[in-house]
Peer 1: 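Quick one: structure below, then a few questions.
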Amino acid sequence: MSYDHKGIDEKWQKRWMEAGVFNAKNDSLKEKCYLLVEFPYPSGAGLHVGHPRSYTAIDIIARKRRMEGKNVLFPMGWDAFGLPAENYAIKTGNHPSTFTQTNIDTFRRQLQSMGFSFDWSREVNTTDPAYYKWTQWMFLEFFKAGLAYKAEIAINWCPKDLCGLANEEVVAGKCERCGTPVEKKLKSQWMIAITKYADRLLADLDTVNYLPKIKKQQEEWIGRKEGMIFHHQVKDLDIVLDSFTAYPIWSYADTFLVIAPEHPVVADLVAGTEYESVTNAFIEEAKAISDDARTEDSFEKNGVFTGRVAIDPLTGREMPVWIANFALMNFGTGIIRCSAHDERDVEFALKYQIPIVEVVDRTNPDVPVSAHSNTGVLKDSGPFTGKSITPERIEESIVWFAAQGFGEKHVTYRLRDWVFSRQRYWGEPIPLVHCEKDGWVAVPVDQLPVVLPNVENYQPTENGESPLANIESFVNTKCPQCGGVARRETDTMPNWAGSSWYFLRYADAHNDKEFASKEALKQWMPIDIYNGGMEHTTLHLLYSRFWNKFLFDRGYVPTSEPYARRHSHGMINAEDGRKMSKSWGNVVNPDEIVGQHGADTLRVYEMFMGPFEEMVPWSTSGVIGVRRFLDKAIRMVEKVSDTEDVAVTKALHQTITKISSDIEGFGFNTAVAQLMIFVNTVQEKGSITKESLMTFLRVLVPFAPHVANELWEKLGGTGFVEEQEWPVADVSMLKNDSIEIAVQVNGKLRGTIVVAVDEVEETIVKMARADENVAKYVIGEPKKTIVVKGKLVNFVV
RNA sequence: GCCGCGGUGGCGGAAUGGUAUACGCGACGGACUCAAAAUCCGUUUCUCGCAAGGGAUUGAGGGUUCGAGUCCCUCCCGCGGCACCA
C-alpha cells in the first residue's frame, strides 16, 4: 500500500505557509542561528537534482535548530544576472527580465514543492533595482575608498563576431559561437583592489571554521610568497632593474637576468640599439601566444639578448639581461635572477650558452641541486660561505642583504586584483559618470539606482563596448559635480557583485533606507553555517569575504568574517557516472521524482545516496528503496498498541542519539540508515506505543517533514511536529543487561559469548575458554590473554 | 611536478586500532493471488563442506601490533586543487 504523496505534500506545504512557521523573527529573545545555502542562478532549465542535495541538508539542520529552541534564519533568493538570460534575449529579442522572472517563478515553485523551511518573506533578487541599488551604492564605497580604479586589461575578443567574450564563452581558445580563435584586446576596465586585503583574507582563515580543503584552496589561490627584491643598476643607462626571488640565500649563484616580454622597461633598454628590432619582433611573437599554449609541456623556452648587462649588487658581476617567454609579468616584479639551481633557468642558460655558477655541491653528478629543496651547504657565497641552508639562515640573509642596501624583503601574491567591468547588458550598471573636466565622478546616492535602460539590441557593440554604449539617452548625462557635459560608464558589473553581499540583505530584506540596518546585521551576523559548492571556493567565497571585510572596515557590518563555518557538498552525477547534461540525455528532473514519489522521497533519497561531501551517481532504484521506507514508516500507525517490545524502546533511544550526532557531523546518509533500522525494528516486533511513535516523528521530521506531520496528525498530535522540542535520549535505555563478546585466538575470531554487562573479567575469560570451538584452539595455558572491556577476549597461543 | 582526498560484495555505501561488509539496491527462494503488481518471510562477500566448521578477502607489496579497512613505508589507479610562480 502506497501513501498519497501528492495530497499530503500539498496539504502540509499550504499549512506551513499559512502559519508562517519558518519565518525568522528580528525581535526574538531566542538565540539566533543563521543558516545559509548558496542562492541559485535561475536558469531556464529549472532546478537540477543537485540543488536539493545541499538545501535538504541545511534544511534538516534548520529544522533541528528550531526544535532546539533557536531563532533560525534560513533564507532563499536569486542570483539572477548572467549570460544565459542575455543570450536568450539576443536570440529571441525578449527582455532578459521577463525570461528571468519566469525562471524565478519556476524555481520558487519547485523549491516550495520540496517543503524546504525557507523564510520566503525575505526573498531577494539581485536584478531587482531595489536590490542592485545597494550593490551600486557599495561599489561607490569602494570607489570613494580608492579601491576601485581603472586599468588597461586584456579581454577575450572574437575578431569575427567583433565581440568581447566572457571566459566561459571561450572554449579551448576559440569563440564558443563561431569557432574563431579568440584574441586578446586591451581595454580600460574597472578594477577592485582585493589584493590590498590579501594578507587579511589569508590570516583570518584561522578565525573561521571551514572544511580544511576549502581553507587550503583559498590559501593556494591567494598564493602568498615571501622573498626579496634585489636592485640591479643597468650598465651605461640610468635604469635600475628590480628582480624578485623567493630563494634569496641562493643568490650568489645568479648569473643573468630575465625580463617578461610585456615589461615596459624593455623598450628603454633597447631603444636606439641594434637589438631593438629583434626584441620587438620577439615581444610581438610572445604576446600572440595564448595562456593555454604557455602551460603545455611542449612549450619551448626561448628569449633574446637585450645587449645590456646589469650589475649584481651581491657579487658585482655583470649579469647579461635577457627577455624570455617564461617570465611572467604578473608574478613578482616581472624580472627574474636566474641561476644553476633552477631547472628552467639552467635549460635556458645551456640553450643560449650563458655561464652558470653553483653555490651548493651536487649530490647527483648530473643535476645541480634545486633551490626549491632549500638544503645544502653554501660555497662562494660571501658571508654565508660554509654555512648550511636553514629557515633561520634564509631569514638572516634577507636581513643582511637589506642592511647592505642590495634590496629589501618583499611579499608577492598569486591573487590578482578583481576585474570588475563587463561589456554586457544584463548586469548592474556601474554608477559612474565621466566628466571632461572632473574625470570619473560618482552618481550621487540619492540618484541610485542607475536603472538598466530598455534596449532593442543586446549584442555588444562592434568596438567591444557594452550594448549600453549605443543608447544615447543613457550615455549622455550631466556631471553631478560641475553640471557640465558628461558620459555614463556603460560597462556593467560581474555576476559576482550581487552575490558578494546578498547574505547581508537577508537580515533586513525590505529596508529602503540602508542595505540592512545595523541592528538587524548585529542580530544575525555572522552566518553560522554556509554551505555551497567547491567550485565557488576561490571566486565567490573569496570575493564575498573581501566585500564583507571592506564593509566592516567602513563600519557597516559587525563582523570581519561573514561566515563562521563553511561546508561543502559533492555533486550529483548521472546514473552512468557522467555529469548530467542535456547533450548526454541523462538529466534527472527533480519535478519528476516529486511527482512520482513525493517530496520526502526526493529529500531522504538525496541524503541517503552517499556521503554528503562526496560526488555520487544518481540511482533510480535507490529512489524506490527510499519510497518503500516511507511507506513502511506511514504504516507504523497501524501498529500502534498499548505495549511495545523493549527492543523497540531501545531502538528509539539509539535512533535519537544517532540522528542527533549524525546531523551535527553532516552524516546524513548514516542518519537515514538509522531511521530505516528503527522502522524495520518496529515492523519485526509488530507493535509500538503511540508515545514512542510520536517521539520518533520528532527525529523523522527534518528528513521527511510531510510524512512526519501527516502521521503526527493521525495520532492526534496538535500543531506541527516542527513546533515540538527536539527529543533527548534516555541514556538508561541505551544500556543492555547482557552483551555479546567476541572471542579470538591469535586475533582470529573463533566464537562469541554472551555475558552480563557488569561481569568480572575472570569469569568472562573462563566462559570464553569454555566455548567449544575456542577450546579446540586453546590447548594448555595461553601465552597471553587480552580482554577489552565490553568488546572481546583474545587468547595468544 | 607539488599538495590534498579516495580505492571495501554484483551496485550505492557502513565501520572511536577490537566480531569487516550496517543501511539501501539488485538477485534468488517462499507466502498471499485465478494471475500480476504491491506487500510479507527467508537467503545473498568469495570459496571448500551434507553439516559442524574451515580457508580467503577492504587496489598491490612490506612493516608495527595480541589484533590493521583503519597506523607507518614503497608502489599502482581514480578524483580534486596549484603550477615554466622565479
Side-chain angles (χ1 to χ4, degrees), chain A residues 1-2 211-221 223 225 227-228 243-248 250 254 257-258 260 294-297 299-301 324-328 330-339 341-345 347-348 371-372 412-414 534-535 537-538 570-571 575 604-605 608-611 613-626 628-629 631-632 635 667 669-677 679-680 683-684 740-752 772-773 776 782-797:
Chain A
M1 198 183 62
S2 211
L211 284 184
K213 62 176 174 182
I214 297 176
K215 253 184 210 188
K216 204 173 168 316
Q217 265 188 43
Q218 290 228 338
E219 280 166 12
E220 274 180 1
W221 190 262
K225 203 151 210 182
M228 171 122 207
S243 71
F244 174 77
T245 176
Y247 303 91
W250 298 75
D254 299 340
L257 293 179
V258 153
R294 277 186 96 96
T295 52
E296 273 171 29
D297 288 344
F299 180 70
E300 206 190 328
K301 288 162 219 25
N325 57 1
F326 65 82
L328 306 172
N330 55 16
F331 186 84
T333 60
I335 303 176
I336 315 173
R337 286 171 67 93
C338 293
S339 87
H341 297 290
D342 184 293
E343 202 185 322
R344 183 196 54 201
D345 297 354
E347 190 187 326
F348 189 83
H372 296 249
T412 186
Y413 300 89
R414 206 199 81 94
M534 280 307 288
E535 70 275 16
T537 301
T538 48
M571 288 204 323
E575 201 140 14
V604 175
Y605 172 65
F608 185 56
M609 62 198 304
E613 282 156 50
E614 262 147 63
M615 191 274 290
V616 277
W618 184 265
S619 159
T620 301
S621 53
V623 174
I624 291 164
V626 167
R628 284 208 273 255
F629 155 70
D631 280 331
K632 267 196 252 180
R635 281 199 302 269
N669 54 334
T670 50
V672 173
Q674 183 62 38
L675 293 171
M676 289 172 170
I677 288 170
V679 173
N680 290 346
Q683 173 145 319
E684 191 197 327
E740 197 186 44
I741 296 235
V743 184
Q744 297 180 337
V745 179
N746 288 345
K748 232 173 185 15
L749 184 73
R750 293 302 176 187
T752 57
E772 201 183 324
N773 198 43
K776 280 201 290 189
K783 254 198 271 179
K784 199 170 170 186
T785 302
I786 288 138
V787 181
V788 181
K789 208 168 176 291
K791 291 269 183 184
L792 60 72
V793 178
N794 187 16
F795 296 112
V796 185
V797 296

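Residue numbers begin at 1 in each chain, while the letters A, B, ... track the order of the sequences. These numbers were taken from a predicted model, which means no experiment stands behind them.
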Peer 1: Quick test: give all pairs of protein nitrogen or oxygen and nucleotides 42-46 of chain B nitrogen or oxygen below 3.5 Å, distance rounded to 0.1 Å.
Peer 2:
none

Peer 1: Pairing check on B/C32: which nucleotide meets the Watson-Crick or G-U wobble criteria with it, both distances under 3.5 Å?
Peer 2: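 Across any shown strand, B/C32 pairs with none.
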
Peer 1: Quick one: what's the B/S/- string for nucleotides 20-33 of chain B, heavy-atom cutoff under 4.0 Å, read 5' to 3'?
Peer 2: --BBSSS-------

Peer 1: Does A/M534 reach the side chain of A/K213, with side-chain heavy atoms less than 4.5 Å apart?
Peer 2: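 In short, these two side chains touch, coming nearer than 4.5 Å.
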
Peer 1: Do you see a donor-acceptor pair shorter than 3.5 Å between the side chains of A/N680 and A/K632?
Peer 2: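 Yes, a side-chain donor-acceptor pair sits under 3.5 Å.
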
Peer 1: To the side chain of A/K776, which of B/G18, B/G53, B/C66 is closest?
Peer 2: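 Closest of the options to the side chain of A/K776: B/G53.
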
Peer 1: Between B/U39, B/U19, B/G13, which nucleotide has the shortest distance from any of its atoms to the side chain of A/P617?
Peer 2: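 Ranking B/U39, B/U19, B/G13 by closest atom to the A/P617 side chain puts B/G13 first.
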
Peer 1: May I ask you to say whether A/K216 pairs ionically with A/E220, meaning some side-chain N is under 4.0 Å from a carboxylate O?
Peer 2: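 So A/K216 pairs with A/E220 through a salt bridge.
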
Peer 1: With a 4.5 Å limit on heavy-atom distance, are the side chains of A/S339 and A/Y247 in contact?
Peer 2: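 No; the side chains remain at least 4.5 Å from each other.
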
Peer 1: Taking the C1' atom of each, how far is B/A51 from B/G26, in whole Å?
Peer 2: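 Nearest-Å result for B/A51 against B/G26 at atom C1': 30 Å.
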
Peer 1: Quote, to the nearest angstrom, the P distance that separates B/U70 from B/U19.
Peer 2: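 After rounding to an integer number of Å, I get 14 Å for this pair.
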
Peer 1: Mind checking the P distance from B/C75 to B/G4? Whole angstroms is fine.
Peer 2: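 Per the computed distance, 14 Å lies between those P atoms.
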
Peer 1: If you measure from the C1' atom in B/G18 to the same atom in B/U65, how many Å do you get, rounded?
Peer 2: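 Straight-line distance between the two C1' atoms is 12 Å.
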
Peer 1: Do A/R337 and A/S243 touch side chain to side chain, with heavy atoms closer than 4.5 Å?
Peer 2: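 Yes - at least one pair of side-chain heavy atoms lies under 4.5 Å apart.
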
Peer 1: Say we look at B/U21 and B/G54: how far apart would their P atoms be, to the nearest angstrom?
Peer 2: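 To the nearest whole Å, 16 Å.
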
Peer 1: If only side-chain N and O atoms count, and only distance matters, is there a donor-acceptor pair under 3.5 Å linking A/T620 with A/E575?
Peer 2: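 A donor-acceptor contact under 3.5 Å links the two side chains.
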
Peer 1: Go ahead and name the base partner of B/C2; Watson-Crick or wobble counts if both distances stay under 3.5 Å, otherwise write none.
Peer 2: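 Result: B/G81.
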
Peer 1: For the pair made of CE in A/M534 and C1' in B/G4, what is the distance, rounded to whole Å?
Peer 2: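 Those two atoms, CE and C1', are 10 Å apart.
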
Peer 1: Restricting to nitrogen or oxygen on both sides, can you table the protein-nucleotides 55-58 of chain B pairs closer than 3.5 Å?
Peer 2:
| from | atom 1 | to | atom 2 | distance (Å) |
| --- | --- | --- | --- | --- |
| B/G55 | OP1 | A/R750 | NH2 | 3.4 |
| B/G55 | OP2 | A/R750 | NH1 | 3.1 |
| B/A56 | OP2 | A/K748 | NZ | 3.3 |

Peer 1: In whole Å, measure the gap between the C1' atoms of B/G69 and B/G59 for me.
Peer 2: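 Comparing C1' positions in B/G69 and B/G59 gives a spacing of 12 Å.
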
Peer 1: Which value, in whole Å, describes the distance between the C1' atoms of nucleotides B/G9 and B/C23?
Peer 2: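 It comes out at 14 Å once rounded to the nearest Å.
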
Peer 1: Between B/U58 and B/U8, how far apart are the C1' atoms? Round to whole Å, please.
Peer 2: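 Result for the C1' pair: 4 Å, nearest Å.
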
